[in-house]
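Below you'll find the structure, written out as structure tokens, and then a few comments.
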Amino acid sequence: MTKYIVEGGRPLFGEIQISGAKNAAVAIIPAALMVSGPCRIENMPQISDVTILLNILQDLGARVRYVNSHTVEIDSSALRNGRVPYEAARRCRGSYYMLGALLGRFGLADVALPGGCDFGGARPIDQHLKGFRALGAQVDTQSGFVMAEAAGGRVKGANIFFDKVSVGATINIMLAAAMADGMSVIENAAKEPHVVDVANFLNSMGANIMGAGTDVIKVRGVDCLRGGSYTIIPDQIEAGTYMAAVAACGGEVKLCNIIPKHMDCISAKMAEMGVEIHEVDDSLMVSRIGPLMKANIKTMPYPGFPTDMQPQVAVALCLARGTSIIMDSVWNTRFRYTDQFVRMGAQIQVDGSLAIIEGVERLTGAQLEACDLRAGAAMLIAALAAHGISEITNVQYIERGYEDVIGKIRGVGGRIRAVEVPEEDLMISNVS
Ligand code: EPU
């Protein structure tokens, strides 16, 4: 097992190249199984969620070849339909996109219910299932598997109105509808940049999807998707995470290869907190010299402040002057990480979906245990900002979604190293 050792308390200076978006990649890989021909995908992030999904595609019979470290060619021409087992699905939430993709291509999908980050509350998929049913599929959930089957082997275009804005349900229904018989209209759709990216990927393979990025998406089903080439957008949340690191640690860092417009919902809040942000072409110069100011944050679907940035920005607010309030209206139990910050000297009280943060002068290094992907990233930021040495275990959560996190942090002067420890040693240090 790997753990990170971080010597904190230094400002960050330099440049960071932002990788391809995880939440776009984990949907585009399943989408590629619908394509009958070679498709080349560039800017693929090197993260473990991508490896898991590519393995699932290979197990189903797709040919997968890395052209270089960030370019993958996938040929699903000879892919067979098959069950996606629990062992594979539990390791990555994006595996639920296999449902929409297999249902769209074959009219039949049999996929284990997904795993992914545990925020301490339910992560329902009722809106996905409602959408598949609206498209004419019979859907059963049994023994941990979802089985969806369309009469006549093909789903039928339909109107779907989601009760709740859901990234996953929007993408899953868009996938199935892309090869449906007829036109589908998805209302109350999610508008996240990765929803648009998946629609653009499918369109570049021959689909006919209009309106992605608004709350009404129209999908005219096509008979087949052919091959093509596509470049994944940069990761908004990875860029936001490094922005939060500069906010917490101070310093000046250029975030390269981003789409500045996608960052507006995060940049606006950071500016309120006293972080300076300047846009230069496809990069942002982020600096924090003076003190951090308190801010109130409510997470919301895009273009609101993203829930996936909530733990990272909380670290900066722990070091800000005054009292800040965070309300997570998307995952209202996503505050399990706060206990660990309290052990570093932070003053946080959680009450339901609210966290009330009283800013302190400094955090001090501690033993930390990542409990999910973004909480893990937040612990990394807290460790970089804290005085003294921290050790972070369970870093496999961080590596699910952040490419070369050690290299990128070191590149801007952060003192961090990964060490291998026998699993028994970790267990002993966890109980002591
Ligand atoms: N919801 C329902 N029913 C559904 C689906 C969702 O009630 O059928 C609710 C959820 O309980 C939640 C809200 O709707 O309260 C939003 O959930 P959404 O479906 O949008 O989340 P998701 O698709 O499961 C994706 C990202 C998450 C991110 C959320 C919100 C992927 C693989 N995951 O999850 O990313 O937090 O959207 O933006 O794209 C992460 O990257 O760390 C991460 C957790």
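Order of listing sets the numbers, starting from 1, for every ligand and every atom in it.
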- Pick one of side chain, backbone, both or neither for how V330 approaches ligand 1, counting any non-hydrogen atom pair under 4.0 Å.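 V330 to ligand 1: contacts from backbone and side chain alike.
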- Query: What part of Y96, side chain, backbone, both or neither, has a heavy atom within less than 4.0 angstrom of ligand 1?
  - Reply: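 Only the side chain of Y96 comes within reach of ligand 1.
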Return a yes/no value for [X]: is any of its N or O atoms, backbone included, closer than 3.5 angstrom to an N or O of ligand 1?
X	answer
H194	no
N23	yes
T307	no

Are [X] and [Y] close enough that a side-chain donor and a side-chain acceptor fall under 3.5 Å?
X	Y	answer
T241	Q312	yes
Q127	D163	yes
N68	T71	yes
Y86	R91	no
H70	N43	no

- Task: Evaluate the side-chain proximity of F145 to D110: yes if any heavy-atom separation is below 4.5 Å, no if none is.
- Result: yes
- Query: Should C39 and Y230 count as side-chain neighbours, where that means a heavy-atom distance under 4.5 Å?
  - Reply: no
Does [X] come within less than 4.0 angstrom of ligand 1, counting non-hydrogen atoms of the residue?
X	answer
Y302	no
R334	yes
K130	no

Per-atom contacts of ligand 1 with [X], taking only distances under 4.0 Å to non-hydrogen atoms:
X	answer
Q127	3 (N), 4 (C), 8 (O)
H128	8 (O)
K22	40 (C), 41 (O)
L373	42 (O)
R123	24 (O), 34 (O), 44 (C)
G168	19 (O), 23 (O)
I125	4 (C), 8 (O)
V167	18 (P), 19 (O), 20 (O), 23 (O), 37 (O), 38 (O)

So, are [X] and [Y] salt-bridged, with charged N and O less than 4.0 Å apart?
X	Y	answer
K164	D126	no
D339	R336	no
R334	D308	yes

- Item | Y302 versus K191, closest heavy-atom pair with distance |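 Closest heavy-atom pair between Y302 and K191: CD2-O, 3.3 Å.
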Tell me the nearest of [options] to [atom], using heavy-atom distances.
atom	options	result
atom 28 (C) of ligand 1	D126, D163, T299, D308	D308
atom 1 (N) of ligand 1	P124, S95, G94, P306	P124
atom 19 (O) of ligand 1	A377, S166, P301	S166

- Query: Checking side-chain contact (heavy atoms from CB on, under 4.5 Å) against I16, which of K254, M243, K408 comes through?
  - Reply: K408
